[in-house]
Student: 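Right, I'll just put the structure down here and ask away after.
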Amino acid sequence: MSATATRLRRVAAVATAAVAVTACGGAVLLPPSVSSNDRGVGPVVESMRRTISDPNAIVPSRSVQESTLIGASSTSPLDILVVGGGATGCGVALDAATRGLRVGLVEREDFSSGTSSRSTKLIHGGVRYLEKAVFNLDYGQLKLVFHALEERKQVIENAPHLCHALPCMTPCFNWFEVVYYWMGLKMYDLVAGRHILHLSRYYSVQESIELFPTLARKGKDKSLRGTVVYYDGQMNDSRLNVGLACSAALAGAAVLNHAEVVSFLKDEGSERIIGAKIRDNLSGQEFETYAEVVVNAAGPFCDSVRKMANKNAQSMICPSSGVHVVLPDYYSPEGMGLIVPKTKDGRVVFMLPWLGRTVAGTTDSNTSITALPEPHEDEIQFILDAICDYLNVKVRRTDVLSAWSGIRPLAMDPTAKNTESISRDHVVCEDFPGLVTITGGKWTTYRSMAEDAVNAAIKSGKLSPRNECITGNLRLVGGDGWESSSFTVLAQQYVRMKKTHGGKVVPGVMDTASAKHLSHAYGTLAERVATIAQNETLGKRLAHGYPYLEAEVAYCARNEYCESAIDFIARRSRLAFLDTDAAGRALPRIIEILAKEHNWDRSRQKQEMRKAREFLETFKSSKNAQFHDGKH
């Protein structure tokens with residue numbers, strides 16, 4: 001069959017599906033909503049919302065959280081102990097705590113230290129999954145897209161300060177692509193139904209260049225015919241994850257980072273798991289915690305947790321590596337991304353504005369599981385080569401400010417008879433009594449994954465929750481009452497008091513960039529940070545060209561379980577991800593402030609500096625990588 005005939009078949013398939021959805025009003029295929037809005041738990045939601053949004057609420061200290069876990073004995077166990085502090089694990093802790101269950105969570109490193117901080121930063125339904133659903137007539141894939149689009153809207157609404165809608169431009173280099181992408185993305189709008197962010201639309205070549213000035217009019221043997229712009233969500237992933245952990249703590253969960261499970265406790269008669277032996281990696285202390293059910297949400301490491309329970313457990317994780325690079329802001333305009341659904345070798349390539357810089361990616365290749373994955377130089381070069389074809393900017397390796405690799409935990413259900421297909425959906429299973437494993441899926445659907453895991457844990461442990469899941473309509477800490485104009489209060493009412501090298505205290509203006517940054521990072525709690533900047537003379541910026549303030553280090557140490565320099569540069573702020581070199585320059589001052597907050601001695605401060613520099617070496621910026629730049 002000719003290429004033209006194949007193209008026509010594709011267009012016909014998309015058109016038929018689009019007409020079918022349109023004829024049904026775009027809503028017939030939507031599965032019944034299972035959000036808390038329809039469950040009649042309004043008073044519970046309001047009570048929990050007041051608790052989490054209370055401007056005077058303080059999360060329990062780390063020592064209090066640890067004491068709670070130590071106090072969970074065999075005669076008075078937790079209902080659920082969660083292993084893993086990524087998006088899913090913290091989502092499970094929040095879900096379970098807001099159902100009135102006694103919950104504990106332990107994380108070996110820091111909240112969001114693994115995959116959850118190394119994502120693409122998109123909250124999306126999955127345009128490519130929709131394409132597969134149409135061409136393969138796969139209703140299962142279509143349901144995944146429906147579900148992800150519903151969750152996309154809820155994630156944005158529950159953390160409006162950390163998430164927003166982002167227009168994404170798809171370049172078209174022939175008229176077939178114009179028709180194909182326009183129809184496909186219109187169908188994406190229709191499938192979203194009432195959860196749509198904004199309508200997609202076509203832009204002419206001239207309009208496209210005005211919106212995205214660095215977009216090339218001509219490529220290799222091709223000329224731009226226009227673009228189709230559609231909308232997905234974008235987030236600050238690790239801060240969203242930390243927000244989940246703090247929200248769970250305010251809801252009553254005992255969350256503890258830098259604490260790892262070293263072994264499981266089992267009932268002597270039934271062999272059911274009834275708790276875990278835990279090591280506090282900061283103090284070295286070991287203790288036992290008992291729970292009716294343990295939920296394994298360890299992401300790529302969930303197999304190693306399962307093998308603690310049963311050394312012969314069949315592996316269910318197929319790890320995939322995703323590499324991203326960060327480039328200067330001039331590569332992409334503020335507020336407009338560029339996504340090429342299929343490059344010449346069939347991969348997806350994108351450039352997205354993020355926190356004042358440009359994120360480009362990505363790769364999707366098999367990898368081994370490691371705690372600190374590093375991007376390979378050939379993967380970085382692939383991304384630069386790929387975006388080079390679509391830009392009129394000279395793409396240079398020396399422009400790479402940071403580059404990182406994340407491990408996607410693609411999952412296979414160990415209880416399924418057919419293990420040929422690896423799922424992009426999540427898997428919940430209990431293949432050892434008392435241990436419920438949740439893995440797979442994606443950031444966008446973390447909330448519903450957590451709901452499924454808690455439901456499975458309730459069934460396994462015969463638990464008695466106070467109410468059903470309410471997280472579908474529960475704003476995270478800092479989100480309730482936040483408005484996009486909230487930064488103006490900071491700019492007008494606060495100053496940044498700074499101490500000069502000579503020790504003199506001088507006032508500095510709370511400029512728009514700093515005010516906007518604080519407002520988006522901390523939501524309605526930003527005034528707490530601004531107060532520290534003003535009253536404790538911690539108003540200096542940590543790194544030239546970035547809005548991060550000294551006050552944030554102190555605030556995060558006191559209120560966000562920031563226990564190390566790496567915790568701050570990678571997860572509380574995003575400096576390591578945005579500019580590795582700038583993060584390195586900021587380290588001495590960050591460690592100085594943390595040392596005061598946590599009473600570190602000189603030895604601990606030196607250890608923090610060494611560990612942080614080793615960590616930054618895994619981010620292959622142009623400053624800490626060996627490469628030949630002849631091509632770019």
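Everything numeric here is computed off the predicted structure, so don't read it as measured data.
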Student: Any ion pair linking D79 and R102 (charged N to carboxylate O, less than 4.0 Å)?
Tutor: no
Student: Please name the pair of heavy atoms, one in R152 and one in G125, separated by the smallest distance, quoted to 0.1 Å.
Tutor: CD-N, 4.5 Å
Student: If we only count heavy atoms from C-beta on, is the E292 to I80 side-chain gap below 4.5 Å?
Tutor: no
Student: For side-chain contact (heavy atoms from CB on, under 4.5 Å), just list the numbers for D189 and K186, CA-CA rounded to whole Å, side-chain angles, deciding distance to a tenth of an Å, and then say yes or no.
Tutor: CA-CA 5 Å; D189 294 344; K186 280 299 175 189; 3.9 Å; yes
Student: Donor-acceptor check, side chain of D303 to backbone of I317, threshold 3.5 angstrom: yes or no?
Tutor: yes
Student: For R118, which residues count as a side-chain hydrogen bond (donor to acceptor under 3.5 Å, both in side chains) partner, sequence neighbours excluded?
Tutor: none
Student: With a 3.5 Å cut-off and no angle check, do the side chains of H324 and T120 form a donor-acceptor pair?
Tutor: yes
Student: Under a 3.5 Å threshold, yes or no: a donor from one side chain and an acceptor from the other, between E131 and Y180?
Tutor: yes
Student: Distance check, rounded to the nearest 0.5 Å: S365 atom OG versus E379 atom CD?
Tutor: 4.5 Å
Student: Do H258 and E563 have a side chain donor and acceptor closer than 3.5 Å?
Tutor: no
Student: For a quick test of your reading: what N or O donor-acceptor pairs under 3.5 Å do the side chains of residues 241-255 make, sequence neighbours left out?
Tutor:
{"residue": "N241", "atom": "OD1", "partner": "A87", "partner atom": "N", "Å": "3.0"}
{"residue": "N241", "atom": "OD1", "partner": "S112", "partner atom": "OG", "Å": "3.3"}
{"residue": "N241", "atom": "ND2", "partner": "G85", "partner atom": "O", "Å": "3.4"}
{"residue": "N241", "atom": "ND2", "partner": "G86", "partner atom": "O", "Å": "3.4"}
{"residue": "S247", "atom": "OG", "partner": "G243", "partner atom": "O", "Å": "2.7"}
{"residue": "S247", "atom": "OG", "partner": "V477", "partner atom": "N", "Å": "2.9"}

Student: Do the side-chain N and O atoms of R475 and S53 include a donor-acceptor pair separated by under 3.5 angstrom?
Tutor: no
Student: How many angstroms lie between OG in S200 and CG in D232, if you round to the nearest 0.5 Å?
Tutor: 11.0 Å
Student: What pair of heavy atoms forms the shortest contact from V436 to V428, and how long is it?
Tutor: CG1-CG1, 4.0 Å
Student: Could you give me the CA-CA distance, side-chain angles and deciding distance for D425 and Y129, then say whether side chain to side chain donor-acceptor pair (under 3.5 Å) is met?
Tutor: CA-CA 11 Å; D425 194 7; Y129 302 156; over 6 Å; no
Student: Any idea which heavy atoms bring P167 and V229 closest together, and the distance?
Tutor: CB-CG1, 3.8 Å
Student: Side chain of S402, backbone of A576: donor and acceptor closer than 3.5 Å?
Tutor: yes
Student: Measure from the side-chain N and O atoms of R49 to the backbone N and O of L476, and report whether any donor-acceptor pair falls under 3.5 Å.
Tutor: no
Student: Would a distance-only check, ignoring hydrogens and angles, find a side-chain to backbone donor-acceptor pair under 3.5 Å from S564 to D567?
Tutor: yes
Student: Using 30° and 60° as the class limits, which term best fits the ring planes of F619 and W404: parallel, tilted or perpendicular?
Tutor: tilted
Student: Would R108 count as a cation-pi partner of F301, with NZ or CZ less than 6.0 Å from the six-membered ring centre and within 45° of the ring normal?
Tutor: yes
Student: Does S113 reach the main-chain N or O of D110 with its side chain, forming a donor-acceptor pair under 3.5 Å?
Tutor: yes
Student: side-chain contact (heavy atoms from CB on, under 4.5 Å), that's the test. Do V82 and I438 meet it? Break it down for me.
Tutor: CA-CA 10 Å; V82 185; I438 170 77; over 6 Å; no
Student: Check this for me: does any side-chain nitrogen of one of D95 and R99 sit under 4.0 Å from a carboxylate oxygen of the other?
Tutor: yes
Student: Say you draw a straight line from OH of Y290 to CG of L265; how long is it, rounded to the nearest 0.5 Å?
Tutor: 5.0 Å
Student: Salt bridge (Lys or Arg N to Asp or Glu O under 4.0 Å), that's the test. Do R571 and D237 meet it? Break it down for me.
Tutor: CA-CA 9 Å; R571 272 89 58 176; D237 53 4; over 6 Å; no
Student: Please lay out, stage by stage, how L435 and F264 fare under the test side-chain contact (heavy atoms from CB on, under 4.5 Å).
Tutor: CA-CA 10 Å; L435 180 65; F264 283 124; 4.0 Å; yes
Student: Hey, is the main chain of G126 close enough, under 3.5 Å, to the side chain of Y188 for a donor-acceptor pair?
Tutor: yes
Student: Taking the side chain as every heavy atom from C-beta outward, state whether V294 and V83 have any pair of such atoms under 4.5 Å apart.
Tutor: yes
Student: Does D138 come within less than 4.0 Å of K143, counting only side-chain N to carboxylate O?
Tutor: no
Student: Give a yes or no on this: more than 12 heavy atoms of other residues, nucleotides or ligands lie within 6.0 Å of atom NE2 of H376.
Tutor: no
Student: Do I156 and K153 have side-chain heavy atoms sitting under 4.5 Å apart?
Tutor: no
Student: Kindly indicate whether the side chain of I458, heavy atoms from C-beta on, has any atom under 4.5 Å from the side chain of L101.
Tutor: yes
Student: Heavy-atom distance under 4.5 Å between the side chains of L105 and N257, does that happen here?
Tutor: no
Student: Could you tell me whether R272 and D267 make a salt bridge, using a distance below 4.0 angstrom between a side-chain N and a carboxylate O?
Tutor: no
Student: Can you measure from CZ (R447) to CG (N158) and round to the nearest 0.5 angstrom?
Tutor: 8.0 Å
Student: Identify the two heavy atoms, one from A309 and one from F432, that lie closest to each other, and give their separation to 0.1 Å.
Tutor: O-CE1, 3.4 Å
Student: L78 and L69: side-chain contact (heavy atoms from CB on, under 4.5 Å), yes or no, with the steps?
Tutor: CA-CA 8 Å; L78 299 169; L69 292 175; 4.0 Å; yes
Student: For the residue pair H426 and D452, confirm or rule out a side-chain donor-acceptor distance under 3.5 Å.
Tutor: yes
Student: I want to check something: taking the side chain as every heavy atom from C-beta on, are F111 and R572 in contact at a cut-off of under 4.5 Å?
Tutor: yes
Student: When you check the side-chain N and O atoms of Y561 and Q65, is any donor under 3.5 Å from an acceptor?
Tutor: yes
Student: Minimum heavy-atom separation for A453 to V295, with atom names?
Tutor: CB-CG1, 4.4 Å
Student: Does this structure show an ion pair linking R239 with E560, if we count only N-O contacts that are shorter than 4.0 Å?
Tutor: yes
Student: Is there a donor-acceptor pair under 3.5 Å between the side chain of S117 and the backbone N or O of G114?
Tutor: yes
Student: Taking the side chain as everything from C-beta on, heavy atoms only, tell me whether T115 gets closer than 4.5 Å to P300.
Tutor: yes
Student: With rounding to the nearest 0.5 angstrom, report the CG to CH2 distance, L166 to W354.
Tutor: 13.0 Å
Student: How close do A259 and I278 get, counting heavy atoms only, and between which atoms?
Tutor: CB-CG2, 3.9 Å
Student: Would you say K307's side chain and S315's backbone share a donor-acceptor pair under 3.5 angstrom?
Tutor: no
Student: Does T51 reach the main-chain N or O of S47 with its side chain, forming a donor-acceptor pair under 3.5 Å?
Tutor: yes
Student: Examine the side chains of E430 and S460 and answer whether a donor and an acceptor come within less than 3.5 Å of each other.
Tutor: yes
Student: Taking salt bridge (charged side-chain N to carboxylate O under 4.0 Å, His left out) as the cut-off, I'd like each qualifying pair that reaches into residues 247-266, sequence neighbours left out, listed once.
Tutor: E260-R279
Student: Heavy-atom distance under 4.5 Å between the side chains of I407 and S405, does that happen here?
Tutor: no
Student: Assert yes or no for the condition that the ring centre distance of W482 to H520 is strictly below 6.0 Å.
Tutor: yes
Student: Within the distance-only criterion (no hydrogens, no angle test), does the side chain of N296 pair as donor or acceptor with the backbone N or O of A298 below 3.5 angstrom?
Tutor: yes
Student: Which value, rounded to the nearest 0.5 Å, describes the distance between F350 atom CZ and K121 atom NZ?
Tutor: 9.5 Å
